[in-house]
Novice: 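Let me give you the structure first, and then I'll get to my questions.
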Amino acid sequence: MSWMQELFHVEKPIIAMCHLQALPGDPGYDEKGGMEKVITCALHDLTALQEGGVDGIMFSNEFSLPYLTKVEPITIAAMAYVIGELKDKIKIPYGVNCLWDPIASLDLAKAVEGQFIREIISGVYASDFGLWNTDAGRTARHRARIGAKNVRMLFNIVPEAAKYLADRDIKEIARSTEFNHAPDALCVSGLTAGSETDTQVLKQVKDVVRHTPVLCNTGCNVNNIQRQLSVADGAVCATTFKVDGIFENEVDESRVRAFMDKVKELRS
């Protein structure tokens, strides 16, 4: 049994993103609504996702645009506060994604007892957020130092809004990432949140890794999920669950339920 089956108790789990509104220090933070509004919105989305039947939740500071590659302490503190306020409402496995900083994500996961993170952990990129350099060795050592070895690390190997500086084939990236870093899963993405992941790229990655689960990381919807899960070992989903399938909107429980009904049909 894979670690994902042990954690989520299903094959091909669906991990839903719970997008937090802009936080203190972010350009879009709503000073008038304050943290109470952030918590209210997060509770609505968490409830809709759980009632709709998803298998796991990942909290992210999705509306902290434009993102930092080294997150400020206020962001970690605010996310921890929100998750702490919601913790007694969380009924399924959960993780965190402190965009785009794996060290911050590990610290947050350790503090709130999250079971996994998803991040850009290895590679060097030209991105919309500037030159994006990572330090996978430091991240691995930080994980050990803070006692977070039980926190699973999902490596996003096709970063959104970014491109490898070296001209490397995705199969080569997948193989070397698995060999050098022993990731708990590999995430394959489209260009931005909500952009459909290329099924052929998913297959190329799946065909070359030996022991690592491969997740479809963006753009899944009720119409393509059968195709994506025919290759991937699970999916991370967000935009498709929003009202009218629009990234900025709140989660629509009916859309979640319809999507998960389709997934459960595929599993059976």
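Side chains included, hydrogens not; waters and symmetry mates left out as well; all remaining heavy atoms used. Along the sequence shown, the residues carry numbers beginning at 1.
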Novice: Just verifying a value: how many Å separate Ser189 OG and Leu202 CG, rounded to the nearest 0.5 Å?
Specialist: 9.0 Å
Novice: Would you call Asp55 and Arg267 a salt bridge, taking side-chain N to carboxylate O under 4.0 Å as the test?
Specialist: yes
Novice: Evaluate the criterion side-chain contact (heavy atoms from CB on, under 4.5 Å) for residue pair Gln21 and Asp30; output intermediate values, then yes/no.
Specialist: CA-CA 9 Å; Gln21 297 297 305; Asp30 182 351; over 6 Å; no
Novice: To the nearest 0.5 Å, how far apart are CD in Glu72 and NZ in Lys70?
Specialist: 10.0 Å
Novice: Can you confirm whether the side chains of Asp26 and Ser64 place a donor and an acceptor under 3.5 Å from each other?
Specialist: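 Note: Asp26 and Ser64 side chains meet the donor-acceptor criterion.
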Novice: Nearest 0.5 Å please: distance from the NE2 atom of His181 over to the OG atom of Ser122.
Specialist: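 Nearest 0.5 Å value for the NE2-OG distance: 4.0 Å.
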Novice: With Asn156, which of Leu215, Thr218, Asn217, Leu186 fulfils side-chain contact (heavy atoms from CB on, under 4.5 Å)?
Specialist: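 When side-chain contact (heavy atoms from CB on, under 4.5 Å) is applied between Asn156 and each of Leu215, Thr218, Asn217, Leu186, only Asn217 qualifies.
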Novice: If you measure from the Lys or Arg side-chain nitrogens to the Asp or Glu carboxylate oxygens, is any gap between Glu51 and Lys91 under 4.0 Å?
Specialist: yes
Novice: Any side-chain to backbone donor/acceptor pair from Glu178 onto Arg210? Under 3.5 Å, distance only.
Specialist: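 Checking the backbone N and O of Arg210 against the side chain of Glu178, a donor-acceptor pair under 3.5 Å is found.
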Novice: Atom CG in Asn133, atom CD1 in Ile120: separation rounded to 0.5 Å?
Specialist: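 That separation rounds to 12.5 Å.
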Novice: Counting only heavy atoms not in Arg141, do more than 12 fall under 6.0 Å of its CZ?
Specialist: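 Check fails, neighbour count at 12 or below.
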Novice: When rounded to the nearest 0.5 angstrom, what distance separates CG in Leu108 from CG in Asn97?
Specialist: 10.0 Å
Novice: Taking only Lys NZ, Arg NE, NH1 and NH2, and the carboxylate oxygens of Asp or Glu, determine whether Asp207 and Lys203 approach each other closer than 4.0 Å.
Specialist: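 A salt bridge is present here (some side-chain N lies under 4.0 Å from a carboxylate O).
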Novice: Crowded around Glu172 CD? As in, over 12 foreign heavy atoms under 6.0 Å?
Specialist: yes
Novice: Do Met17 and Ile76 sit in one hydrophobic cluster, given that two such residues count as connected whenever their side-chain heavy atoms are within less than 4.5 Å of each other, even indirectly?
Specialist: no
Novice: Output yes when Glu248 and Lys242 qualify as a salt bridge under the 4.0 Å nitrogen-oxygen rule, no when they do not.
Specialist: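 No, Glu248 and Lys242 are not salt-bridged.
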Novice: Would you kindly confirm whether Val236 and Ile121 end up in one hydrophobic cluster when ILVMFWY residues are joined by side chain heavy atoms under 4.5 Å apart?
Specialist: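 No; tracing contacts between hydrophobic side chains, which count when under 4.5 Å, never links both residues.
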Novice: With a 6.0 Å cut-off on ring centres, are His19 and Phe59 close enough?
Specialist: no
Novice: Output yes when a side-chain donor or acceptor of Asn224 lies under 3.5 Å from a complementary backbone atom of Gly219, and no otherwise.
Specialist: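 Yes, Asn224 side chain to Gly219 backbone: donor-acceptor pair under 3.5 Å.
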Novice: Is it the case that one hydrophobic cluster holds both Leu99 and Tyr29, taking links as side-chain heavy atoms less than 4.5 Å apart, direct or via other members?
Specialist: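 Hydrophobic grouping puts Leu99 with Tyr29.
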Novice: Cluster question for you: counting only ILVMFWY and a side-chain heavy-atom cut-off of under 4.5 Å, with indirect links fine, are Met35 and Val96 together?
Specialist: yes
Novice: Which distance, rounded to the nearest 0.5 Å, do you find between the CZ of Arg118 and the CZ of Phe116?
Specialist: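 The CZ atom of Arg118 sits 9.5 Å away from the CZ atom of Phe116.
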Novice: Are Asp244 and Arg255 within salt-bridge range, i.e. N to O under 4.0 Å?
Specialist: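 No.
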Novice: Looking at Tyr81, I want to see if its OH is surrounded by more than 12 non-hydrogen atoms of other residues, nucleotides or ligands under 6.0 Å.
Specialist: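 No - once you tally the heavy atoms of other residues, nucleotides and ligands closer than 6.0 Å, there are 12 at most.
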